[in-house]
Structures are given as structure tokens and as C-alpha cells.
Amino acid sequence: MNAEYKLCIACIIFSAIVYVIYSSGIASLLTDVQHLPSVIRQYGALGYTLYILLFIIATLFLMPGSILVIVGGIVFGTVTGTLLSFIAATAASALSFLLARWLGRELLLKYVGHTAIFQAIERGMTRSGSDFLILTRLIPLFPYNIQNYAYGLTAISFWSFTLISAITTLPGLLLYTAMADELATGGITPFFILKLCLAGMALFTLIQAAKAYARYKQVVLPAPGKTKRSLPINKNQG
């Protein structure tokens with residue numbers, strides 16, 4: 001199938017789905033922390049499937065996924081909520097990556113290759129390979145959902161991307177889900193505030209460890225604000 005034709009089909013389908021998402025109220029539901037838990041609970045056993053589907057929709061269409069992680073903790077608790085979020089986040093990342101690959105590297109570079117995020121990831125992967133993916137998953141340099149599509153334009157294999165994304169996503173999912181579960185069951189107490197501080201310290205320590213790993217591996221990470229400029233891009237890679 002012609003690459004331009006595939007892009008045209010993808011745009012039509014994407015636009016139709018976006019219209020349905022917003023006209024049906026799904027978009028507003030995905031950002032409503034107070035109402036969404038009760039909706040999921042109404043579906044009983046099907047609530048597990050509904051939660052995963054909503055998580056995937058939010059990721060594919062670049063909506064904030066952190067709200068779904070919090071809702072998962074509120075509705076399902078720490079263990080089940082983390083597991084469901086892990087499954088949904090991994091599936092959504094894989095689907096985004098495959099969609100970018102299906103559309104084709106050369107075609108997407110033609111239309112979005114000039115953007116700062118795509119160029120920064122391209123240069124980082126060229127220099128450091130999988131190490132750059134590990135670090136950008138642990139350190140919030142770029143929006144997570146956009147990364148899923150951006151890495152589909154690089155030469156990294158699907159399974160390497162999916163495995164690394166799954167492993168590096170798990171710590172954050174666990175911490176956010178646990179905190180949401182604690183808040184929903186016990187409310188704001190001195191013990192909750194202590195746990196929240198410890199969780200924040202854990203995330204901070206993880207990020208600092210990732211930065212130390214970057215220095216050890218001599219991985220050059222984009223400094224804040226540096227991604228606003230155009231960077232040279234190798235269109236012949238992959």
C-alpha cells in the first residue's frame with residue numbers, strides 16, 4: 001500500500017475516532033477522577049476490561065495517563081490496580097509504536113521529522129541506542145505518550161522497545177497506584193503524608209540513579225529547553 005495512502009486512511013480513522021471520543025463524552029470522562037471510578041465499578045467484572053480499554057485510548061490519543069493510574073488505585077487497590085495499569089500501559093505503548101512503524105519511517109519523518117522531540121530522540125538513539133530509551137523512560141524529558149510514537153521512527157526493535165518500556169514504567173505505576181489506594185481507603189492522615197514523602201523521595205532517587213547511569217554510559221541527554229531548536233537528523237538510518 002502506498003505510504004501516502006496509508007497516512008490518508010490513518011488520518012481519516014483517527015479523526016473519526018477523536019470525534020466519537022469527544023462527542024460521546026469519553027474524553028471528559030477520562031479526566032474526571034471523581035466520576036470515572038463509579039462508572040468502572042458499575043460494570044462489575046467487565047470493569048477490568050473497560051479500564052484497560054480506556055487506558056489504551058487515552059495513551060493512543062495523547063491524553064494524560066496519570067489520571068487512569070490514580071483511578072486504578074482507587075477502584076482496584078494497589079496490587080490489582082498496578083497489574084491492570086501495567087498491562088494497559090504496555091499494550092498501549094506497543095500499539096503506538098506499531099502504528100508509527102506501519103505508517104513508515106520515511107513518510108513520518110517527512111511530516112514530523114522536523115519537530116524537536118523527534119529529532120532529539122533520533123540523535124539520542126543514534127548515539128546511545130537502548131540506553132537512551134531506558135533513560136528517557138525513567139527521566140521525564142519528553143511526554144511519555146509522544147515517545148511511544150517517536151521511537152517507532154527509530155531503528156530499535158519492537159521487542160526491545162516493549163520490554164524496556166514495560167520494565168521502566170513499572171516503578172512509577174506502582175508508586176502512584178499505591179498512593180491513590182492509600183488516599184482512597186484512609187484519607188489524608190499524617191501516615192499518608194509520610195508515605196507520600198517517601199514515595200517522592202523514591203522517585204527522586206530513581207531519577208538521580210538514572211542520571212548517574214547516563215553519566216557512566218556517557219549518554220548525552222537533552223538539557224531543559226534545548227529541544228526547542230532543530231537538531232540534525234539522519235534520515236538514512238533504519
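FYI, side chains are in, hydrogens and waters are out, and symmetry mates aren't considered; it's all heavy atoms of this structure.
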Can you give me every donor-acceptor pair (side chain of residues 13-28, partner residue at least two apart or in another chain, under 3.5 Å) with its distance?
from, atom 1, to, atom 2, distance (Å)
S15, OG, C11, O, 2.8
S23, OG, Y19, O, 2.7
S23, OG, V20, O, 3.4
S24, OG, V20, O, 2.5
S24, OG, I21, O, 3.4
S28, OG, G25, O, 2.8

Donor-acceptor contacts under 3.5 Å from residues 42-55 side chains, at least two apart:
from, atom 1, to, atom 2, distance (Å)
Y51, OH, L68, O, 2.6
Y51, OH, S85, OG, 2.7

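Nearest heavy-atom pair across I156 and M125 is CB-CE, 3.7 Å. Nearest heavy atom pair, residue A89 against residue L173, reads CB-CD1, 4.3 Å. A pairwise comparison of heavy atoms in G152 and A100 identifies CA-CB, 3.9 Å as the closest pair. When all heavy atoms of A180 and G73 are compared, the pair lying nearest together is CB-CA, 4.1 Å. The two residues N148 and S93 make their nearest non-hydrogen contact at OD1-OG, 3.3 Å. Counting all heavy atoms, side chain and backbone alike, V71 lies closest to P37 at CG1-CG, 4.1 Å.
S165 pairs by the side-chain hydrogen bond (donor to acceptor under 3.5 Å, both in side chains) definition with R137, not counting sequence neighbours. Residues satisfying the side chain to side chain contact (heavy atoms under 4.5 Å, CB included) test with A166, not counting sequence neighbours, are F86, T90. Applying the side chain to side chain contact (heavy atoms under 4.5 Å, CB included) criterion to L29, with sequence neighbours excluded, gives H35, L36, V39. Checked against side chain to side chain contact (heavy atoms under 4.5 Å, CB included), T82 has the following partners two or more places apart in sequence or in another chain: T78, L170, L174, T177. Residues passing the side-chain hydrogen bond (donor to acceptor under 3.5 Å, both in side chains) test with N145, sequence neighbours excluded: none. Evaluation of the side chain to side chain contact (heavy atoms under 4.5 Å, CB included) rule for L138 yields I134, T168, L206, A210 as partners, not counting sequence neighbours. The side-chain hydrogen bond (donor to acceptor under 3.5 Å, both in side chains) test applied to Y176 returns no partner, not counting sequence neighbours.
In this structure, CZ in F161 is found 6.0 Å from CZ in F97, a value given to the nearest 0.5 Å. We find the CG-CD1 distance between L133 and I121 to be 9.0 Å, quoted to the nearest 0.5 Å. Taking CD1 from I164 and OG from S157, the interatomic distance works out to 8.0 Å, rounded to the nearest 0.5 Å. Distance check, rounded to the nearest 0.5 Å: CG of L30 to CZ of F61 gives 11.0 Å. Note that OH of Y149 is 11.0 Å distant from CG of L98, once rounded to the nearest 0.5 Å. For the atom pair S96 OG and Q147 CD, the distance stands at 11.5 Å (nearest 0.5 Å).
Clustering of Ile, Leu, Val, Met, Phe, Trp and Tyr by side-chain heavy atoms under 4.5 Å joins I167 with L163.
Counting only residues at least two apart or in different chains, salt bridge (charged side-chain N to carboxylate O under 4.0 Å, His left out) contacts with residues 164-189 comprise E182-K195. A side-chain hydrogen bond (donor to acceptor under 3.5 Å, both in side chains) check over residues 199-212, counting only residues at least two apart or in different chains, returns nothing.
Side chain of S128 to backbone of D131: no donor-acceptor contact under 3.5 angstrom is found. Formation of a donor-acceptor pair under 3.5 Å by the R101 side chain with backbone atoms of T154 is found in this model.
V79 and L83 are not part of a single hydrophobic cluster, where members link through side-chain heavy atoms under 4.5 Å apart. Under the 4.5 Å side-chain contact rule for hydrophobic residues, W102 and I12 do not share a cluster.
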I would like to know whether Y144 and T169 meet side-chain contact (heavy atoms from CB on, under 4.5 Å); could you show each step before the answer?
CA-CA 10 Å; Y144 188 89; T169 299; 2.6 Å; yes
Apply side-chain contact (heavy atoms from CB on, under 4.5 Å) to residues I70 and L183 and explain how you reach the verdict.
CA-CA 10 Å; I70 293 171; L183 181 60; over 6 Å; no
